[in-house]
Amino acid sequence: IEAATEHLERALDLAQDGDFRVLAAGALGVLASIDELSGERARARERYTQATKLAAGSGDAAGRERWRRAAQALSG
């Protein structure tokens, strides 16, 4: 998981540098999933929320809903 996290963080940096919001949203969402599995619920919820906003801003309706539902599941 540690190596995957490092690669995802690098992918997130590259996506943000290139203004590829859909890719950034995906990387954030998967990082949030890792946080959730690691018991870092608050951090996961924050990343899911950021992923939701990025996906929405890029026109990715399916991604927006995926990450919104994940964030919502951690709010309850």
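Scope of the values below: all heavy atoms of this structure, side chains included, with no hydrogens, waters or symmetry mates.
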Between the side chain of Arg45 and the main-chain N/O of Leu74, is any donor-acceptor distance below 3.5 Å? yes
Please name the pair of heavy atoms, one in Gly29 and one in Ala51, separated by the smallest distance, quoted to 0.1 Å. N-CB, 3.8 Å
State, without any angle test, whether Tyr48 and Glu36 hold a side-chain donor-acceptor pair at a distance under 3.5 Å. yes
Could you give me the CA-CA distance, side-chain angles and deciding distance for Leu8 and Ile34, then say whether side chain to side chain contact (heavy atoms under 4.5 Å, CB included) is met? CA-CA 10 Å; Leu8 285 163; Ile34 292 171; 3.7 Å; yes
Shortest non-hydrogen pair, Ala25 vs Ala55, comes out as CB-N, 3.7 Å
Within this structure, what is the CZ-CG distance for the pair Arg66 and Asp60, rounded to the nearest 0.5 Å? 6.5 Å
Could you report the tightest heavy-atom contact between Gly57 and Arg21, atom names first, then the distance? O-NH1, 3.2 Å
Under a 3.5 Å distance rule, please check whether Arg64 uses its side chain to pair with a backbone N or O of Gly59 as donor and acceptor. no
Treat each ILVMFWY residue as a node, draw an edge where side-chain heavy atoms are under 4.5 Å apart, and state whether Leu23 and Val30 are in one component. no
Distance from Thr49 atom OG1 to Gln72 atom CD, nearest 0.5 Å? 10.5 Å
Point-to-point distance, once rounded to the nearest 0.5 Å, from CZ of Arg68 to NZ of Lys53: 14.0 Å
Co-membership, hydrophobic cluster, residues Leu31 and Leu54, 4.5 Å side-chain: yes
What I want to find out is whether Arg43 reaches Glu46 closely enough, with some N-O distance under 4.0 Å, to be called a salt bridge. no
Inter-residue atom distance Glu6.CD - Ile1.CD1, 0.5 Å rounding: 12.5 Å
